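Below is one structure, written out as structure tokens, with a few remarks after it.
As the structure is a prediction and not an experimental result, all values here were calculated from the model.
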Amino acid sequence: MTQCADHCGKIARMAIAELRSDSRSTVGIAALLWLLVSALVFSLLLHERRVQLARAEGTARALTMLMQAHTESAFDAVDLVLAGVVDAYAALRPAADDPRFRALLRQRLAELPSVRAIFIVGPDGRIRNGSDFPNPSSAPLTDREYFRRYVDDPTLVHAISPPVYSRAGLGWFNAATRRIVVDGRFAGVAVAAVEPTHFEALYRSMELGPGQTIELFYEDRTRVARYPADDSKIGRKATREEVFGTSAGNGAAATIAARDGLFHVRMTSYRRLGDAPFVVTLTQEPPSLLAAWRAEVFGAALAMAALTGLLIALVVQLRRKRQMAARVSQRIAQSERIEAVGQLTGGIAHDFANLLGIVRTNLAIIERLHPPDVRVRKALETSERAVANARRLIDQLLLFARRGSLDVHPIDPNEALQRHLDLLRQAAGRQARVELVLDEKTPWCLADESQFVAAMVNLVANARDAIDDSLGRGSITVQTGRVSDAQAAEWGLDAVRPLVRVSVVDSGVGMDEKVLAHVFEPFFTTKGNEGTGLGLAQVYGFVNQLGGEVRIESTLGQGSAVHLFFPAVQADAAPVQPAVATTPSETSASISASG
């Protein structure tokens, strides 16, 4: 018997070790798979990020080239018209405010959508003719840079000035100018007032996204035009970084990306005009830059979260199945161990019963031979009580060995517990109070009521012994309820048939895993010489013989809960009257036999 028990225990330990090994391997494989998928997704996202940045850089180059060509074309057209105006002025030598020459200027102005006005500044710095006469400014322009530079540099033929604010309050303009020479002498300057709003209208037509900015700078970094428009910045000098990004800005064109982490990138593209002192720039930053990539990252994050949840669910499911398989393996090993012990116990019980039969026969013979002797009569009565107690113990052993007969019929567990509450409280003694928590929806179950009550008395007695007297009076709660499919799956029970749960929960000292592994074994006890080790073994044999199951939950220092699962009776089954309640004296042997 010992070898069989050791072998079954070894099988259970091997099953537990295999479960732990499989759990670790399952978690490891899932973690490795997650890391591989994460690495693949991360590498693909980085590749897509590079692709989108390259695409944005190509778009920036194309747009800046377009702006360069348009700006150069606009100023070339202005210069060409000014050249014609200068030739006409030299040929016609009009008087100041000549109507015919003013009509000529207005005709030429109509050819230039980017120009607000064309006017002639004489060598004294005063306006002589203009397309917007008869309301010219009377103040001399000798302080204006675009006029003074011709006085300072006799070799200068044509030029374009930085942004200038109109004295008439008409806003900013760039003065495109040409020297006028008559008879070899300096005769003034032809001026075309180029409006920045013309370029802003062009930039608006490009339909930029949020975070994209197109700007036109003079060569000294003075801002000429901007979209989205911001009048407060026009005519002001920008920093070198605003124009050229992180580069020195010495080249004709470049695209520079300044990275601040994966998500924040600022891309600056600039291009210098070949024939005009301007720089066009396109700045791209969040949210437009990498907007599509951010959406992909968000989608990938959701997918990884879903994958993580799926892997966790799979790991939990696999571990749960393996734990259930391990519990089944443990129960099989335990059943085999108990079966082996039960077979031996049944044989011993039968042999012991035979010996008791001989003892009882001899006691009867002695009683007939010495009926009048009082001392003999007293000794015989004591011996007969001992034989009766031994007979009850043999009955318990036979029940555990599944050789005893049960009077199985449908019983109402709630009603049975209520009728025997006094018996349960007597079993609990003064150390604990017994409370019933009965679910009214609990169906009837199949059981032998006398053994059902004996099992409950055993469990209450065990709970009583587990309560520490030093902590005061403890509590023992007896509960009933129907077992749902979810609960059956959680407990690893047979979900094919309905079950009824009857639980005994105590506030005792609890048990550790080592004790839990042996609680159902016969003759195993934690009470020393006071226990027989048959209480839980008898309960296990009784419930198992009915086709039910037993589960124990216990934590050291936090109490225990013993759950008995009985086959439920269908609603249409005809109930029978339960047996008459047993008296405390009739179950004293069951209480004393508890382990």
side-chain contact (heavy atoms from CB on, under 4.5 Å) evaluation trace for Cys445 with Ile411: CA-CA 6 Å; Cys445 64; Ile411 68 169; 4.0 Å; yes
So which heavy atom on [X] is nearest to which on [Y], and how close?
X	Y	value
Leu436	Leu417	CD1-O, 3.9 Å
Arg482	Asp439	N-OD2, 4.4 Å
Ala432	Ser475	CB-N, 4.4 Å
His264	Pro286	CD2-CG, 3.9 Å
Arg294	Pro287	NH1-O, 3.7 Å
Ser554	Gly559	OG-O, 3.3 Å

Contact between [X] and [Y] at the side-chain level, heavy atoms closer than 4.5 Å - yes or no?
X	Y	answer
Asp506	Val460	no
Phe42	Val37	no
Leu446	Val569	yes
Leu546	Phe542	yes
Arg501	Trp491	no
Thr59	Met267	no
Leu290	Arg49	yes
Leu53	Val265	yes

Those residues that, when tested against Gln212, pass side chain to side chain contact (heavy atoms under 4.5 Å, CB included) (two or more places apart): Leu208, Gln284, Ser288
Distance, nearest 0.5 Å, that separates [atom1] of [X] from [atom2] of [Y]:
X	Y	atom1	atom2	result
Ile552	Ser560	CD1	OG	7.5 Å
Thr555	Asp512	OG1	CG	10.5 Å
Ile29	Leu311	CD1	CG	11.5 Å
Thr283	Leu289	OG1	CG	11.0 Å
Glu296	Gln52	CD	CD	5.0 Å
Asn462	Asn458	CG	CG	6.5 Å

Would you say the side-chain atoms of [X] pair up with the backbone N or O of [Y], donor to acceptor, closer than 3.5 Å?
X	Y	answer
Ser484	Gln487	yes
Asp448	Asp407	yes
Arg497	Ala568	no
Asn414	Leu438	no

Pairs satisfying salt bridge (charged side-chain N to carboxylate O under 4.0 Å, His left out), at least one member in residues 420-437, at least two apart: Arg433-Glu435
By side chain to side chain donor-acceptor pair (under 3.5 Å) - contacts of [X] (at least two apart):
X	value
Thr477	none
Arg266	Thr268
Glu57	Arg61

Test side-chain contact (heavy atoms from CB on, under 4.5 Å) applied to Val297 and Leu45, step by step: CA-CA 7 Å; Val297 170; Leu45 287 175; 4.2 Å; yes
Partner set under salt bridge (charged side-chain N to carboxylate O under 4.0 Å, His left out) for Glu553, not counting sequence neighbours: none
Working for side-chain hydrogen bond (donor to acceptor under 3.5 Å, both in side chains), residues Ser269 and Thr255: CA-CA 4 Å; Ser269 301; Thr255 299; 3.1 Å; yes
Candidate pair Thr308 and Trp34, rule side-chain contact (heavy atoms from CB on, under 4.5 Å), full reasoning: CA-CA 7 Å; Thr308 302; Trp34 188 87; 2.6 Å; yes
Candidates Val562, Leu564, Leu493 - the one meeting side chain to side chain contact (heavy atoms under 4.5 Å, CB included) with Arg551: Leu493
His420: which of Glu415, Met456, Glu449 passes side chain to side chain contact (heavy atoms under 4.5 Å, CB included): Glu449
Pair Phe566-Val502, side-chain contact (heavy atoms from CB on, under 4.5 Å): steps then yes or no: CA-CA 8 Å; Phe566 297 94; Val502 180; 4.0 Å; yes
